[in-house]
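Residue numbering restarts at 1 for every chain, and letters A, B, ... go by the order of the sequence lines. Everything quoted here is computed from the prediction, not taken from an experiment. Only this structure's heavy atoms are used, side chains among them; waters, hydrogens and symmetry mates stay out.
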Amino acid sequence: MCGAKVLRLYSVRDFAFSYTVESAQPLTFYSDYEVRSGAISFPYKDSMVSLKYKSSDSKGVFYLVGGAGGSGFGSKELSKLFRLEDNMDNIYGKISTDAFMKSSVEKYRGMRLTHNDPWITTLVFIISQFNNIKRIRRIVKTLMEKYGDAIYDGDKVVGKAFPRMETLSRLSVKELMACGAGFRADYIREASRYCSENLDLYRLGSKDYDTIKSELMQVRGVGDKVADCIALMGYGKLEAFPIDTWVKRVVERVYFKGKKKSIKEIHTFAEDRWGGLAGYAQQYLYWHGMHSL
DNA sequence: ACCCAGGCGGGCG
DNA sequence: CGCCCGCATGGG
C-alpha cells in the first residue's frame, strides 16, 4: 500500500461486508478477502480491483485502493456488484414472514445478494454442485492461477484474471481434473465450449427470468438449482429460488413439519410466499439454515 | 472407516 | 413425471 491512491467510492447503510462476501456467493470463491482489515481484491475484466470497507455506527464507506489504473471499476460497478441500491427495509419487510426468517434477518442483517458477471457465476456454480465451500474455492482459485490471463501493474504480475471460456473450452478433461474439478471436468469443458460457440451469456440479460433459466439449462452441467443461482447472482433476477440440499432441508423442516417435498412443490411454495423477492429469502434461509440446523 | 458436500445426467417404470 | 444411481475428491 505504499503511496497508493485511496478513492472514496460509496457510502451505504444496512450493509454487512463480511456476510455479503463470505456467504457462498461467487465473490466467496474468486476474491481474496481479509476479515481484519476489511479489504477485498478480485479481478475485474483485465485488471485487479482492491476495495476497503470501513463501517462506523450504522453506515459504512467503500474505498477504492489504487493500484493498476484504468480498471473501469467505479462507484457504478460497485453499486451493481453489491446491490447497494436495494432498499433493505422494504425487502426485510416482505421476506420476514415468520419467526425463522425474522431471526435470520436479525442475525445476518445487511447481507446482500451480489450481482456478478454471468460467465463467472456460471462456472462457479457448475463447480459448486455436490461439493463443499472450501473445495469450490480451491478449484476456482486453481483454475484462475493456472488458466487466467496474467494481470500486470507495469511489468509486474499482480494477479490473474478469471479464466476465459475460450481458454477452458480448449483444455482436456485430464487437465481440468488436475485442477481438482473431479467429475465436473467434463461439465466445465462442455459448458465453456457451448457458451463460447452456441450461447451468448451477455445477450441473456435483457430476457425474462423464465427464458434465462430455460436457456441456461441447455448448458451441460447446469440443472434447475445451478440455473437459478446464475439467474439470481449473475443476472439479478430476484424471483429465482435456488434449491440445494440445505434449502430443501430447511423448508421441509420449518414449513412442512419435516415432511419430504419435491423440488417442484418447494418452488411453488417459495413463489407463493415470497414472490419477486424469493431470491433474497433463499439467501437468508440458506445461510441461517446451514448454521443452525 | 464412513458420511457428506449450494446437483446433474441418464436410465427406468 | 418420479425415482434411483453413479459421479471425483477432500474434510469432519
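Contact of the A:Asp98 side chain with the A:Arg273 side chain is registered, since non-hydrogen atoms from C-beta on lie closer than 4.5 Å.
In this structure, A:Phe17 has its ring center under 6.0 Å from that of A:Tyr33. Within the 6.0 Å centre-distance limit, the rings of A:Phe42 and A:Phe73 are counted as a close aromatic pair.
Regarding A:Ile133, its CD1 atom lies at a distance of 11 Å from the P atom of B:dA5, rounded to whole Å. A:Phe183 places its CZ atom 7 Å from the C1' atom of B:dG7, with the value rounded to the nearest Å. Distance A:Glu265 CD to C:dC1 C1': 12 Å, rounded to the nearest Å. The CZ-P distance, from A:Arg220 to B:dC8, rounds to 12 Å in whole Å. Protein atom CE of A:Met177 is 9 Å distant from nucleotide atom C1' of C:dT9, rounded to whole Å. Separating the CZ atom of A:Phe29 from the C1' atom of B:dA5 is a distance of 11 Å, rounded to the nearest angstrom. A straight line from CG of A:Leu216 to C1' of B:dG7 spans 15 Å, rounded to a whole angstrom. Between A:His267 atom NE2 and C:dG2 atom P the separation is 12 Å, expressed in whole Å.
For A:Ser262, the side-chain atoms get nearest to C:dG2 when compared with the rest of C:dG12, B:dG7, C:dG2.
If you find the closest nucleotide of DNA chain C to A:Ala181 and to A:Lys264, the one lying nearer the 5' end belongs to A:Lys264. In terms of position along DNA chain B, the nucleotide closest to A:Asn132 lies nearer the 5' end than the nucleotide closest to the other residue of the pair A:Met217 and A:Asn132. Closest-nucleotide positions on DNA chain B for A:Arg135 and A:Val226 were compared, and the one nearer the 5' end corresponds to A:Arg135.
A side-chain donor from one of A:Asp86 and A:Tyr280 sits under 3.5 Å from a side-chain acceptor of the other. No side-chain donor from either of A:Glu106 and A:Ser103 sits under 3.5 Å from a side-chain acceptor of the other. Counting only N and O atoms by type, the side chains of A:Arg83 and A:Thr114 include no donor and acceptor under 3.5 Å apart. A donor and an acceptor atom, one from each side chain of A:Asp228 and A:Tyr209, are located under 3.5 Å apart.
Using cut-offs of 30° and 60° on the angle between ring planes, the pair A:Phe269 and A:Trp274 is perpendicular. Under the 30°/60° scheme for interplanar angles, the aromatic rings of A:Tyr284 and A:Tyr92 are found to stand perpendicular. Ring orientation note: the planes of A:Tyr53 and A:Phe62 are tilted relative to one another, at an angle of 30° to 60°.
Within residues 229-256 of chain A, the residues having any heavy atom closer than 4.0 Å to DNA chain B are, in order of number, A:Met233, A:Pro242, A:Asp244, A:Thr245, A:Trp246, A:Arg249. A heavy-atom distance below 4.0 Å to DNA chain B is reached by these residues of residues 114-131 of chain A, ordered by number: A:Ser128, A:Gln129, A:Phe130, A:Asn131.
Electrostatic pairing of A:Arg137 and A:Asp32 counts as a salt bridge here, judged by a charged N lying under 4.0 Å from a carboxylate O. A salt bridge does not link A:Lys237 to A:Glu239: none of the charged side-chain nitrogens sits closer than 4.0 Å to a carboxylate oxygen.
If you take atom C1' in C:dG11 and the same atom in B:dC8, they sit 23 Å apart, rounded to whole Å. Taking atom C1' on both nucleotides, B:dG10 is separated from C:dT9 by 22 Å, rounded to a whole Å.
No engagement by A:Thr28 is indicated, since no non-hydrogen atom pair under 4.0 Å with the nucleic acid exists. Heavy atoms of A:Glu190 sit nowhere under 4.0 angstrom from any nucleic acid atom.
Taken together, the paired segments of DNA chain B that extend over three or more consecutive Watson-Crick or G-U pairs, each closer than 3.5 Å at both contacts, are B:2-5 with C:9-12, B:7-13 with C:1-7.
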